[in-house]
Engineer: 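Below you'll find the structure I mean.
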There are 4 protein chains.
Amino acid sequence: MTTLVREQAEELGQRGRGRPRDEVARKRILEAALELVEAQGFAATTTDAIAERAGASKATIYRWWPNKAAVLIEALREAVAQETPMPETGSLSEDIRIQLRNFVKLLTGRRGRIFKAFVAAAQNDPEVAETFRAVWIVPRRTIAKAALERHRGRDLREDADLDLLMDAIYGPLYFRLLAGHRPLTEKFTDALTEVVLEGIRKR
Amino acid sequence: MTTLVREQAEELGQRGRGRPRDEVARKRILEAALELVEAQGFAATTTDAIAERAGASKATIYRWWPNKAAVLIEALREAVAQETPMPETGSLSEDIRIQLRNFVKLLTGRRGRIFKAFVAAAQNDPEVAETFRAVWIVPRRTIAKAALERHRGRDLREDADLDLLMDAIYGPLYFRLLAGHRPLTEKFTDALTEVVLEGIRKR
Amino acid sequence: MTTLVREQAEELGQRGRGRPRDEVARKRILEAALELVEAQGFAATTTDAIAERAGASKATIYRWWPNKAAVLIEALREAVAQETPMPETGSLSEDIRIQLRNFVKLLTGRRGRIFKAFVAAAQNDPEVAETFRAVWIVPRRTIAKAALERHRGRDLREDADLDLLMDAIYGPLYFRLLAGHRPLTEKFTDALTEVVLEGIRKR
Amino acid sequence: MTTLVREQAEELGQRGRGRPRDEVARKRILEAALELVEAQGFAATTTDAIAERAGASKATIYRWWPNKAAVLIEALREAVAQETPMPETGSLSEDIRIQLRNFVKLLTGRRGRIFKAFVAAAQNDPEVAETFRAVWIVPRRTIAKAALERHRGRDLREDADLDLLMDAIYGPLYFRLLAGHRPLTEKFTDALTEVVLEGIRKR
DNA sequence: ATCTAATCGAGACGGTACGTCGAGTCTTCCC
DNA sequence: GGGAAGACTCGACGTACCGTCTCGATTAGAT
């Protein structure tokens, strides 16, 4: 991502000679992108539409991002940055329950569409897939695993496979979001938590 | 789907007077579509390519299907029709294990790409979404639930929520397939089975 | 033209064994063709439309005519068959005047569109061109020339070039019809007659 | 015509802010169109072929012209722009003879095909018809009539109808070009001139 | 009274051109 | 040198028409 290189350069105080990047335009582009994806999905969001809504030009977009996917990816990253971190109540089941409730609230809210869009786009574009994993999936897993790790040997079995646990609780949520065969309710989340915990709890 | 209307008409003996639809061409089109999706994904599969590979003309495709998505949907439906049904070994855990192994084999095999493609396409196209559910998700769930139902009160808790169970075991598999953060191995499947069963088993 | 062969065969009483050609359908097809050309021009007249309007099938059309142009050509031939022949008043100028007036009435009438259509089609299709000449241009010229021939040495100069004369009087009429820069009136026709006669008359 | 609006804007110095139209591409497109029409006629000239030969894209063509006909019309206009004007020898018959010889040379030359194509296309498309008249027929007539006007009262009768005269000399030429029943030779042209002049000359 | 061959209406088929739309690039002027 | 405007290439989309074909149903002369 060009942006990363540039950000690093700017942190080091090495500003180029010409006019610096218009940060306002950057924000407007990312916002426009996000809104359009929310409203219409990934494929129906055109770069022309983003440019127009942002009051920017396509050239500006393509100067800073290599393609449409990259814009939307960064938009996602920004949107996701300030997400509620893992709770720490002391109780394993309570931690998980709260975490999942927050997560479901996110998915079923205005932003849910974006995640659907990204999972979709990831199937056709390896780069999107990689970024989606790096920006969204992996960080959340890392934090969540670290939080659960503290319960190991207490509520959690000594030999519990946390990767498996992660998939066991997040997988069904994504599944309902994407397949849409059943609604993604809090009741479902709670019941799921119970089942999985029953299988992983220390006895 | 136009095809349905026509099939019904034929069942009623109302064959229509003109030249009948070329069933061979229909098959070739669906096969070509399937192969191309497997090879290149949903978006990269063009109608021109389908037509050429099927030895058909684009006009024929658009006479019978309203758009590219519809062709691929029907191709999926055909491909999926003859899938392995639910096993019945007498043991709950064995039933689930075998079922999941078969399923994983399907997803990781040649056809897996198709499912990824469809889940992706479904996010951008409500019709694809509905068809995907009706053709793939729901029928499999119905069969699997019926099979598990026989264990209720025996290995399975009296009050077990089968819809929840379905999502608990299929969700993580789809998740790994789609997110791709970890491989979809048999080891994972077996471990997952165990965890979920532990949570749902009658004690 | 297949029709010719067949007509000859029928005149000789050699009817085939199968179902004979449906003459009613033939008439309806030619009529439909004519009406459509009049209404919409040559290019906009589709074979499907002809078939539908005639209550015939495209197969029937293509069984009897090699292509769309041939249908329209024969339609023209039929329409033109019963045209007013050359008048014979005894006076050269009167003969020409009457002949041209009739001709202009034809061109500016409902059928005028057809001639425009054919001249147009002839530019893109040598076969149409040839047929148009053979069916329309040449016969009329032959009759008209024969009629004028009787005036040679009397009102008409001994050395008058009748081919030239033909073009000199018909050319401007077609020109106005096709180019449409000025209306094709009787006044124009009469004036034209006068000018040309002045140039060709015996003095 | 979009081009006209733009040209006016440029004349007013309102150059617009974006990338300007690629005039080279425009020229190449029109040239390609002309060459293809000359080689294959109006109908057989495809937009894809024009685009390929011009090294342009179809999108560019359709950005500036609403359809194929419009491209060819403008191509004709450009081609026709620098045609030989009316000669002025002082002699009426010489003026006409030279003018007609030049005209016949044009029609029977490489460009003749284009005129045939346009007269044809004009019959199916009113817009083509109007443009053909405005761009080709009318300007030539205006110039030619002005040139002949100078002879009025001298070689030319006081009451000569120049519109009639125009049609009387140009009509037969177009007629032979379009109907093709006889070749369009210089001999014919000269003889025609003589006949018409005989009818119009002052005596 | 069948049998046989050609015709008919209906309509699907392969091919080919059309005109449209989106992605990503490039070019101009302005700041 | 960045940015807005907007033209450009490429390539897929879905539509329309041509001329061909394949059905079942008709219609006569031949047997």
Side-chain angles (χ1 to χ4, degrees), chain A residues 15-22 24-26 43-49 51-52 54-69, chain B residues 15-26 43-49 51-52 54-68, chain C residues 15-22 24-25 43-49 51-52 54-69, chain D residues 15-23 25-26 43-49 51 55-68:
Chain A
R15 288 188 61 177
R17 293 204 309 169
R19 173 176 174 179
R21 176 172 188 177
D22 183 342
V24 176
R26 179 177 165 277
T45 297
T46 69
T47 48
D48 282 288
E52 190 184 345
S57 83
K58 270 207 294 182
T60 302
I61 294 179
Y62 281 102
R63 187 191 313 280
W64 298 109
W65 295 276
N67 50 45
K68 187 176 80 165
Chain B
R15 203 163 174 299
R17 297 207 296 169
R19 174 177 177 175
R21 177 174 188 176
D22 184 341
E23 286 300 325
V24 176
R26 178 178 165 278
T45 297
T46 69
T47 46
D48 280 289
E52 190 184 345
S57 85
K58 242 193 332 174
T60 300
I61 294 179
Y62 282 104
R63 186 191 314 282
W64 296 108
W65 294 277
N67 48 48
K68 191 176 72 167
Chain C
R15 288 188 59 174
R17 292 210 309 169
R19 174 177 177 175
R21 175 173 189 178
D22 184 342
V24 176
T45 297
T46 69
T47 48
D48 282 287
E52 191 184 344
S57 84
K58 270 205 297 180
T60 302
I61 294 178
Y62 281 102
R63 187 187 315 282
W64 299 108
W65 294 276
N67 49 45
K68 189 175 79 166
Chain D
R15 201 164 178 297
R17 296 207 296 169
R19 172 177 178 176
R21 178 172 188 176
D22 184 342
E23 287 300 326
R26 177 178 166 278
T45 297
T46 70
T47 47
D48 280 289
S57 85
K58 242 195 330 175
T60 300
I61 294 179
Y62 282 104
R63 186 192 312 283
W64 297 108
W65 296 277
N67 49 47
K68 191 176 72 168

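Throughout, a chain's letter reflects where its sequence line sits, starting with A, and its residues are numbered from 1. These figures come from a predicted structure and were not determined experimentally.
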Engineer: For nucleotides 14-19 of chain F, give me one character per nucleotide, 5' to 3': B if any protein heavy atom sits under 4.0 Å from the base, S if the only such contacts are to the sugar-phosphate, - if neither.
Structural biologist: BB-SSB
Engineer: Would you tabulate the nitrogen or oxygen pairs shorter than 3.5 Å linking the protein to nucleotides 1-5 of chain E?
Structural biologist:
residue	atom	partner	partner atom	Å
E:dT4	O3'	C:Arg17	NH2	3.2

Engineer: Using every non-hydrogen atom in the two residues, find where C:Val24 and C:Asp22 come nearest and quote the distance to one decimal.
Structural biologist: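 For C:Val24 versus C:Asp22, the nearest heavy atoms are N-OD1, 3.0 Å.
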Engineer: Need the bend value for the helix from E:dA1-F:dT31 to E:dC31-F:dG1: angle between end axes, 5 pairs each end, nearest 10°.
Structural biologist: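 End axes: 10° apart.
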Engineer: Please report the shortest heavy-atom distance between D:Tyr62 and D:Asn67, naming the atom on each side.
Structural biologist: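 What the structure gives for the nearest pair is CE2-CA, 3.9 Å.
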Engineer: Using the ring of C:Trp64 (Phe, Tyr or Trp, six-membered ring only), decide whether C:Arg21 places NZ or CZ under 6.0 Å from its centre and within 45 degrees of its axis.
Structural biologist: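 Verdict for C:Trp64: a cation-pi partner in C:Arg21.
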Engineer: Whether A:Thr60 contacts F:dA4 is assessed here as follows: a side-chain N or O lying under 4.0 Å from the phosphate OP1 or OP2. Is that the case?
Structural biologist: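 It does, given that an N or O in the side chain of A:Thr60 lies less than 4.0 Å from OP1 or OP2 of F:dA4.
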Engineer: Between P on E:dG11 and CD on B:Glu23, what's the gap in Å once rounded to a whole number?
Structural biologist: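 It is 17 Å, rounded to the nearest whole Å.
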Engineer: Considering all heavy atoms of both residues, which atom of A:Lys68 and which atom of A:Ala43 are nearest to each other, and what is their separation?
Structural biologist: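 Minimum heavy-atom contact is NZ-O, 3.7 Å.
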Engineer: So, under a plain 3.5 Å distance rule, would you say the side chain of C:Ser57 forms a donor-acceptor pair with the base of E:dG9?
Structural biologist: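 Indeed there is one.
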Engineer: Between E:dG11 atom P and C:Ile61 atom CD1, what is the distance in whole Å?
Structural biologist: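 Atom-to-atom, C:Ile61 to E:dG11, this comes out as 15 Å.
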Engineer: Can you tell me which nucleotide in E:dT28, F:dG3, E:dT7 comes closest to the side chain of C:Trp64?
Structural biologist: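 Nearest nucleotide to the side chain: E:dT7.
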Engineer: What are the two closest heavy atoms between C:Ile61 and C:Thr47, and how far apart are they?
Structural biologist: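 Heavy atoms of C:Ile61 and C:Thr47 come nearest at CD1-O, 4.0 Å.
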Engineer: Can you give me the closest heavy-atom contact between A:Ser57 and A:Ala51, atom names plus distance?
Structural biologist: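 Answer, listing the atom of A:Ser57 first, then A:Ala51: C-CB, 4.1 Å.
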Engineer: Tell me: CH2 of C:Trp65 to C1' of E:dT7, nearest whole Å?
Structural biologist: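 Checked: the CH2 to C1' distance equals 13 Å.
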Engineer: Can you check the A:Arg63 CZ to F:dA5 C1' distance for me, whole Å?
Structural biologist: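 One finds 13 Å between C1' of F:dA5 and CZ of A:Arg63, rounded.
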